[in-house]
Amino acid sequence: MKIKIDEQGRTFECALHFALLDGEQLVAASFAGRQSAVYAISANILMGKRTLILDQDDKIIKVTYSSGAYKRLERKVDQVYQCITLHKAAVFHENFSDPVVIALDGNIRTRVGEYIHTKYPYPREWEDSYLDLLHYRELEVIFNPLMDTWKNLKAVRLLGVKVGGDIKEGITDENLMEAVGQALKDGRLKIPPSSVEGKFNTGWDMKEYLKANAKVLADQVQKVRPRHDPATGRLNPAIAQMSRIPYPAQAHAIQGLVNALQDEKVAFACGDMGTGKSIVSLGVAHVMHTTSGRANSVLLSAPGITIPKWAEKEIAETLPEADVYIIRSTEDAARYLRMVRNGHKPRGLEFVLVGIDRAKLGPEPWFAGVWKRIAGGKTFCWHCPDCGRPLLDPKEKEDPIPAKWDDFAHGEPPENPTRRTASGLPEGFKIKWKLPAKVRKCPHCGTPLWRPALKSRGETKNRPRWFVSRILKKLRRHFMLYICDEVHQVKAANSGRGDAFAQMVKAARKTLCLTGTLVNGLSTSIKDILWRTDPRSLIMDGFDHKSGAITWAQRYGVLQRAVEKEDEDEGIVTKRKNTGSQPREMPGIAPELIAKHLLHRAVFLELTDLGLPLVELKETPVFIDPDDEHWEDYRAFHEELHAACTNAFRNGLPGAFSKFIPSTICYADRPDLGAVVELSKNTPKGKVVYGTVSAPAYFPGYYNAKERWLVETVRENLAEDRGCIIFANYTESYGVHHRLQEVLADHGIHAEVLESSVSPERRTEWLHHQELKGTRVIICNMRLVEVGLDLLPWPTIIFYQLSYDINTVRQASRRAWRLGQMRKCKILYVIMDKTQQVAQFESCMAKRTHAMLAEGRLDRSELSRYGTDSNSVLAKDIADCLASEDLASKWVELAEKDLGVETVSEENFRELLALTQKRLVEETLTLCGIKKPKPPVVDIAPYIPARKRREKKAGQFEQLTLFDVLAM
């Protein structure tokens with residue numbers, strides 16, 4: 001049997017193993033032969049071109065093909081190449097309503113059952129029964145009798161499901177659910193017997209079922225064996241041989257992560273801000289290095305603001321024998337690459353540090369096209385620098401025309417000068433290119449049209465540079481471990497940080513991700529991190545690199561699709577017309593996501609786990625009623641703007657609502673600016689305006705109700721000698737931070753503003769300078785202090801504005817409540833009532849609730865009631881049921897977790913802390929099997945606010961003191 005191409009001047013032939021036909025359409029084929037023949041035939045099939053299949057008698061079998069409908073798998077066996085082409089309907093991760101299931105062993109019933117329970121959330125126990133619920137068609141199998149491997153091959157196309165006497169077309173979750181439900185009712189499917197004595201009533205919903213079986217479920221959870229059980233698992237002695245000894249909870253986290261990395265490519269250390277993620281990650285590196293028995297290198301990326309702290313404090317004080325290299329430039333990365341290629345070997349454990357923002361920076365792009373006249377004419381256009389032919393307008397595909405100036409550059413083209421450079425531009429002409437580039441290569445000769453800008457030609461002020469991440473990528477698997485601090489910052493799909501992270505993952509054998517906010521309440525917040533670190537697990541789960549956020553959220557999140565209903569009179573009858581919008585993701589994370597992709601490779605560490613006391617923390621939302629006149633103006637502006645945005649969206653402006661939220665939130669906070677919102681877009685024919693909405697500006701001396709509250713609150717805290725930090729969000733276009741500074745100054749309160757122009761590396765120094773000056777009030781955008789900074793002198797945090805990024809809010813809210821804080825911490829969320837700020841606050845709290853659920857805990861703080869939905873309420877109900885059963889199970893322990901820890905008054909804090917530290921360090925030594933003299937009790941008083949570091953005695957373990965774990 002053969003498969004061949006027989007065309008004039010082009011003949012290729014391969015031996016056919018088998019072919020699957022659905023009618024005349026080819027579904028799958030396997031063949032082998034020479035490399036050129038295999039490639040040619042498979043390419044022909046993929047393009048839907050005529051390809052002949054001949055039976056044993058060399059008779060042609062009629063077969064049809066569909067262009068773009070196939071995928072191919074190729075491999076080389078000795079000198080022979082084999083290829084299997086599959087219709088996409090037979091590929092697991094493709095979403096077809098009529099999929100094809102192939103059974104190589106002929107057991108089609110089992111293969112269909114495996115497909116159903118793997119693709120959809122249905123039990124494995126009914127594996128052999130699912131085929132009876134489906135409507136299907138058997139496919140024709142043509143196989144080579146000389147190939148025994150395929151003699152049992154069978155395949156079916158699944159067309160629909162049987163519900164009662166009806167057939168519903170398409171294999172969808174909804175259809176399957178209806179079919180399974182009907183089969184349970186009429187007895188075709190039966191729940192198999194089990195030793196677990198659960199309760200079930202056909203009238204229950206899921207909430208009632210889970211609550212009734214809470215005790216049974218909790219007993220099952222008890223049987224789960226983690227990678228490291230603190231009650232029975234042993235700790236590696238190397239954990240207690242670091243210069244700083246971790247607390248027991250940190251030591252157990254280290255051991256759990258080490259165990260996870262033995263089987264997994266990636267592990268996650270997710271902990272509250274201040275739980276010591278730094279020492280945990282260094283402990284993991286130390287244990288892996290010690291057990292490997294050889295020298296090792298560790299790559300560590302972090303926000304640039306924290307790199308000095310990692311080098312000078314964390315690594316130097318925890319693992320002082322380790323060598324540290326800091327990569328600050330392209331030259332540093334290239335130098336390290338050459339060192340390794342020239343045979344560089346670490347002396348022991350070596351750390352290579354790089355800022356994630358530095359790792360992502362590449363060269364500034366410069367367009368290489370030449371701006372000159374078209375030959376034989378007077379019109380200018382862009383030309384290829386190599387072949388010299390005119391480039392084509394990327395927007396005109398059917399009738400190409402020469403590329404104009406604004407196809408690649410902003411502004412106006414230069415006038416006709418007397419002296420031009422090689423690029424056709426006048427000397428010293430300033431140009432700004434349009435990015436991202438729509439045309440990368442010359443359509444005529446294929447020459448690349450973009451290159452790095454050169455300082456020597458005056459195209460940029462910066463020195464030449466290249467992506468540090470891509471340089472390090474060349475050291476494939478050189479690093480034993482890659483540690484990424486604050487990994488939540490690389491979650492975006494198309495970001496520079498995300499790309500840098502993906503490149504550096506390839507340079508190491510294992511990856512450890514650190515964060516205090518692993519997810520932001522949306523399921524997609526973890527998708528791209530998983531794809532970059534362990535794509536195999538997602539491919540096995542049915543996803544690929546083309547799977548978008550909507551596909552992911554359909555499986556693991558919550559989607560909301562708005563449908564508007566309008567009455568449309570057609571003259572004879574009146575029909576109701578439904579108009580659907582693009583679905584968008586809402587807060588919510590399916591437990592399946594946590595179970596499949598996180599639990600087996602994540603450690604969740606909380607402040608309460610450390611066993612250390614903390615001062616009190618109080619989080620309070622404050623709702624401020626707007627003044628009557630302000631409220632009337634705001635309400636009118638809000639309603640008119642919403643109506644205008646809705647109308648513009650319906651008439652072809654996709655981003656109509658992009659200005660709605662900032663405009664409404666900031667008019668509530670800054671009525672002195674007024675508001676003018678123009679809904680428009682630029683088209684080739686000019687600007688199209690869909691509408692303009694405005695609101696009156698108030699006189700500069702007017703202080704709105706929220707500002708007056710802020711003045712009084714700051715005065716009260718200053719009277720108690722409590723420093724305050726005030727967070728704003730809209731600090732660029734609306735200047736909220738400067739407005740607040742002026743309002744406070746008008747009322748006799750001095751405040752300093754941390755500007756975004758202060759580089760990340762200098763922010764620590766800036767804050768320290770303000771502390772020495774005695775500045776009691778700081779105003780800034782919360783993003784500037786989101787990571788790596790301590791705000792201990794300012795124990796009152798006021799969120800004057802919020803951000804929809806709940807990761808930023810959660811990170812910023814814990815900058816003052818950390819180990820080392822001696823004052824009671826207050827966090828105030830200020831919301832202007834009856835405005836868009838209320839909806840924003842509720843959205844943030846819902847995201848926070850789901851983020852905490854993903855971390856295995858419930859929010860029982862005063863904020864919890866503002867972020868409840870069906871999923872979070874269900875989780876709380878189940879937790880309450882478990883607690884009422886008084887079960888000492890792991891489920892109860894997880895469900896009863898809270899943000900708070902044991903808190904004590906300021907008066908008793910110091911004494912209790914010193915005693916607790918001493919006890920915990922002794923416990924770690926015991927758990928690691930090391931018997932050493934008891935570490936001395938460290939008096940905490942000399943360390944506040946400044947300290948002189950004691951010299952470590954030779955051969956003695958240093959206790960992990962309070963200030964050793966600051967800002968971890």
Has [X] got a side-chain atom pairing as donor or acceptor with [Y]'s backbone, closer than 3.5 angstrom?
X      : Y      : value
Thr318 : Ile315 : no
Glu486 : Thr515 : no
Ser329 : Asp332 : yes
Arg815 : Leu789 : yes
Asp609 : Leu605 : no
His252 : Asp229 : no
Lys510 : Glu264 : yes
Arg477 : Ala508 : no
Asp323 : Glu350 : no
Arg763 : Val785 : no

* To do: Apply the test side-chain contact (heavy atoms from CB on, under 4.5 Å) to residues Val490 and Ile356: give CA-CA distance (whole Å), side-chain angles for both, the deciding distance (0.1 Å), then the verdict.
  => CA-CA 9 Å; Val490 305; Ile356 189 68; 4.2 Å; yes

Heavy atoms, side chains only, cut-off 4.5 Å: are [X] and [Y] in contact?
X      : Y      : result
Phe268 : Leu518 : yes
Leu257 : Val280 : yes
Tyr730 : Asn781 : no
Pro346 : Tyr325 : no
Met288 : Asn296 : no
Asp499 : Ser495 : no
Tyr829 : Ile798 : no
Arg814 : Leu617 : yes

* Inspect the contact between Arg810 and Glu786 and indicate whether a charged nitrogen and a carboxylate oxygen are less than 4.0 angstrom apart. => no

* Asked: Charged N to carboxylate O below 4.0 Å: is that the case for Arg762 and Glu755?
  -> no

Flag yes if more than 12 heavy atoms outside [X] fall under 6.0 Å of its [atom1] atom; otherwise flag no.
X      : atom1 : result
Lys265 : NZ    : no
Asn494 : CG    : no
His768 : NE2   : no
Lys506 : NZ    : yes
Met339 : CE    : yes

* To do: To the nearest 0.5 angstrom, please state how far the OG atom of Ser537 sits from the CZ atom of Arg601.
  => 4.5 Å

* Nearest-0.5 Å distance that lies between atom CH2 in Trp310 and atom CD1 in Ile307 -> 8.5 Å

* Determine the sole option in Glu317, Glu314, Lys277 for which the side-chain contact (heavy atoms from CB on, under 4.5 Å) test with Leu282 is passed. => Glu314

* For Phe479, check ring-ring contact (aromatic ring centres under 6.0 Å, His included) against everything at least two apart and list the hits. => none

* Compare every heavy atom of Cys844 with every heavy atom of Ile806, then report the nearest pair and how far apart it is. => CD1-O, 3.3 Å

* Polar contact flag, side-chain donor to acceptor under 3.5 angstrom, Asn807-Gln811 -> no

* Asked: Does a side chain donor of either Thr330 or Arg358 reach within less than 3.5 Å of an acceptor in the other side chain?
  -> yes

Under 3.5 Å, sequence neighbours excluded: what are the donor-acceptor pairs made by side chains of residues 551-559?
{"from": "Trp552", "atom 1": "NE1", "to": "Ser523", "atom 2": "O", "distance (Å)": "3.0"}
{"from": "Arg555", "atom 1": "NH1", "to": "Asp541", "atom 2": "O", "distance (Å)": "3.4"}
{"from": "Arg555", "atom 1": "NH1", "to": "Asp541", "atom 2": "OD1", "distance (Å)": "3.1"}
{"from": "Arg555", "atom 1": "NH1", "to": "Asp541", "atom 2": "OD2", "distance (Å)": "3.4"}
{"from": "Arg555", "atom 1": "NH2", "to": "Asp541", "atom 2": "O", "distance (Å)": "3.1"}
{"from": "Tyr556", "atom 1": "OH", "to": "Asp541", "atom 2": "OD2", "distance (Å)": "2.1"}
{"from": "Tyr556", "atom 1": "OH", "to": "His597", "atom 2": "NE2", "distance (Å)": "3.4"}

* Start with the C-alpha distance between Ile797 and Phe799, add both sets of side-chain angles, then the distance that settles side-chain contact (heavy atoms from CB on, under 4.5 Å), and finish with yes or no. => CA-CA 7 Å; Ile797 292 179; Phe799 280 89; 3.8 Å; yes

